[in-house]
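These notes concern the structure reproduced below.
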Amino acid sequence: MDIYANIGFVNQIKKQLLAGCHMDNQYVVGWGTLALINAGLAQGKNRTGLNWFLLSLALGPLATFSLLLVEKR
């Protein structure tokens, strides 16, 4: 077995894992940004921003949709 072939294989796996991690980071950043936007929307409707932020972390776009349907207090 050639050790250089193994190193090439390991480098290929590293590249694929790093590409996948980069995509996952973008997803997490987008989800967190949506939660912050929802907290701002909630405060604009005189609701608790922290509660809506936490709810948005769990439900994401569903929390946004429900927040848009909620009346302003």
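In this text, all values refer to a predicted model and were calculated from it rather than measured experimentally. When a residue number appears, it is its place in the shown sequence, counting from 1. Hydrogens, waters and symmetry mates are skipped; everything else that's a heavy atom, side chains included, is used.
- Leu62 is connected to Leu41 through a chain of hydrophobic side-chain contacts under 4.5 Å among Ile, Leu, Val, Met, Phe, Trp and Tyr, so both are in one cluster.
- Thr64 pairs in a side chain to side chain contact (heavy atoms under 4.5 Å, CB included) with only one of the listed residues (Leu59, Leu34, Ile37), which is Leu34.
- In plain terms, the two heavy atoms of Thr48 and Ala42 that are nearest each other are O-CB, 4.2 Å.
- Considering every non-hydrogen atom in both Lys45 and Val70, the closest pair reads NZ-O, 2.8 Å.
- Summarising the geometry of Trp31 relative to Pro61, their closest heavy-atom pair is CH2-CD, 3.6 Å, with the distance given to 0.1 Å.
- Clustering ILVMFWY residues whenever any of their side-chain heavy atoms sit less than 4.5 angstrom apart, transitively, puts Leu36 in a cluster other than the one holding Leu55.
- Using a distance-only test at 3.5 Å, with no hydrogens or angles considered, no donor-acceptor pair links the side chain of Asn38 to the main chain of Trp52.
- Smallest separation of non-hydrogen atoms from Asn46 and Lys72: ND2-CE, 3.9 Å.
- Closest of all the heavy-atom pairs between Ser56 and Ala63 is OG-CB, 3.7 Å.
- Between Phe53 and Ala39, the closest heavy-atom pair is CB-CB, 4.0 Å.
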